[in-house]
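See structure below.
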Amino acid sequence: MKKIFLNLGRQPITNSFLKKLDKKTLANEFFYNLKITFDTNTKLVSLLNFVKPEKMFNEKYAHRASSSLTMMNHFKKISLKLKKKFKEIRCLEIGSNDGAFIRNFNKKSVIAVEPCKNLAVITNKLGYTTYPKFWNFELSEKIKKKHGKMNIIFSSNTISHVPKLDEIFKGIENILKDDGLFVFEDPYIYSVLKNNSYDQFYDEHAHLFSLLAMKNIVKSYNLKIVNVEKLDTHGGSIRFYISKISSKYKVQKNVKKMLDLEIKNNLNHLKTYKLFATRVKKSKIKLQKILNKIKSSNNKIVGYGATYKSATVYNYCNINAKKINYIVDTTINKQNKFTPGSHIKIKSPEKGFNNKLNIKFAFLGAWNFKREILKKEMNYIKNGGAFITHVPEPRIINLKNVNKEIR
Ligand code: DWN
């Protein structure tokens, strides 16, 4: 039974960066209520109201997976690991974005699936066959007929984006070779609870997985979880290794270890999620206080990273252009637009984050790249600049404590 434990209020489509703020645009802006549920039977954490995938994943999709060095290195590492496992590689990626993962593979050995047409164009141009479609059973049939079965199916930050998980797993079951592996990674609900990173809840994240929940999901298919890993990416992710039930793969000890950890930390109980919701409310108040104090001393606050996650923070905490003067982001097609719901202008780092501007405070929208950003912006910190973050709790990072934060 689904129980609501958190209400993050009226929220926009996180990918809907606005070109202008005229009356018509604002009147057409889409909002929905972001409420989060825990299923007491399956243990799955999901949004109460799913937004239609076509509204979110379309030809205007802004996020570029290759925009971070951390993620490029991450994809290189997992590609090498997977390539070592198989003599002949037949790889399928579901949700290939701009090709950050598949660039590590030979063009002939990979098939990509990416519903955002502007992204599929990029990888097709690079020479990787990319289907500009949503993954489902029908597409798995089409690809199987044309390209055969696959021994590596990879997906990063995509499976959690799919409301109807049945379509995913039926398609996987259909196209995975008997000795193949379906490897996917998504933000881990345990990390969200631990880090109080409530901004991992937004329209695109239809579900946030635990191993407990995934075990229950996989049960309905001819599949088993053979291994699981905890990752540092995106503030804490979980990677599942799934094979056919009859495959040669033995279930690794990690699976029991992680399951025990989740049970020990009560991830199977609604009360854990209710306690989290209380911490989220406190986090909102504390962040608002920090921002108000800085503003009352007439300081500018700049946002660093127009992340989709930060849309949840800005809209939940009522933060708009009165609090955050503007945001800087390296993604070209977010620049010169306005953030969804909060309507804060986005600039390039060159224009909005240079020494001449004498900025003293920056809100870390891309907190998941904290180390990468703090290292890159060490001169800003040495010159008296500070970062504000809300993860795991709202605080200021400056020259006094920066070394501790980078460790
Ligand atoms: O799952 C998803 C993740 C992987 O990507 C999607 N649903 C949507 C998107 O979410 P996000 O926007 O929260 O992801 P990131 O990867 O945290 O976004 C980082 C943003 O920050 C990018 O727009 C690039 C920007 N950035 C920057 O301006 N300077 C990032 C770094 C590291 C920097 O130095």
Side-chain angles (χ1 to χ4, degrees), residues 11-17 47 51 53 55-58 60-75 94-98 100-101 114-116 119 155-163 184-188 191-192 195 197-209 231-239 302-315 326-337 339-340 344 346-354 362-378 380 387 389-391:
Q11 294 281 347
I13 300 283
T14 48
N15 184 53
S16 279
F17 296 92
L47 305 193
V51 175
K55 261 193 180 313
M56 304 181 281
F57 309 111
N58 49 43
K60 289 188 186 135
Y61 202 71
H63 176 73
R64 298 289 181 272
S66 61
S67 67
S68 142
L69 201 63
T70 311
M71 289 313 289
M72 289 307 274
N73 289 335
H74 170 77
F75 289 129
I94 304 174
S96 49
N97 198 278
D98 61 354
F101 169 77
E114 173 51 66
C116 304
L119 297 172
S155 189
S156 174
N157 296 301
T158 301
I159 306 305
S160 62
H161 295 51
V162 181
F184 70 98
E185 53 192 50
D186 281 287
Y188 186 21
S191 305
V192 170
N195 295 334
S197 47
Y198 61 88
D199 53 350
Q200 287 289 12
F201 292 113
Y202 53 91
D203 55 345
E204 294 187 4
H205 287 171
H207 319 278
L208 287 186
F209 301 128
L231 309 172
D232 287 338
T233 48
H234 291 291
S237 299
I238 183 165
R239 179 186 282 155
V302 167
Y304 199 107
T307 57
Y308 292 43
K309 292 183 287 294
S310 61
T312 294
V313 180
Y314 294 149
N315 288 284
Y326 59 85
I327 300 174
V328 291
D329 196 289
T330 50
T331 315
I332 292 169
N333 53 336
K334 288 183 187 172
Q335 293 164 7
N336 301 317
K337 292 186 181 154
T339 55
I344 306 169
I346 304 167
K347 298 185 183 183
S348 71
E350 293 74 29
K351 281 202 179 139
F353 208 75
N354 61 52
F363 175 72
L364 208 43
W367 58 265
N368 45 315
F369 296 116
K370 185 177 75 178
R371 283 193 195 94
E372 180 178 336
I373 293 170
L374 293 182
K375 281 184 190 164
K376 189 162 70 174
E377 302 297 354
M378 201 43 97
Y380 160 74
F387 282 99
T389 185
H390 67 292
V391 178

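All heavy atoms count here, side chains included; hydrogens, waters and symmetry mates do not. Both ligands and their constituent atoms are indexed starting at 1 by order of listing.
Pairing each heavy atom of Phe353 with each of Ala362, the nearest pair is CE1-CB, 3.9 Å.
Put simply, the side chain of Phe201 reaches to within 4.5 Å of the side chain of Leu208, judged on heavy atoms. In this structure the side chain of Leu364 never reaches within 4.5 angstrom of the side chain of Phe369, judged on heavy atoms.
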Practice task
Decide side chain to side chain contact (heavy atoms under 4.5 Å, CB included) for Tyr380 and Phe387; before the verdict, give the C-alpha distance in whole Å, the side-chain angles of both, and the deciding distance to 0.1 Å.
Solution key: CA-CA 10 Å; Tyr380 160 74; Phe387 282 99; 3.7 Å; yes
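Enumerated by chain and number, the residues approaching ligand 1 to less than 4.0 Å through a heavy atom are Tyr61, His63, Ser67, Asn157, His161, Tyr202, Glu204, His205, His234, Tyr304, Gly305, Thr307, Tyr308, Lys309, Asp329, Thr330, Thr331, Lys334, Ala366, Asn368, Phe369, Glu372, Ile373, Lys376.
A side chain to side chain contact (heavy atoms under 4.5 Å, CB included) with His63 holds for exactly one of Asn157, Asn97, Asp98, Thr331; it is Asn97.
Of the N and O atoms on the side chains of His234 and Asp186, not one donor lies less than 3.5 Å from an acceptor on the other residue.
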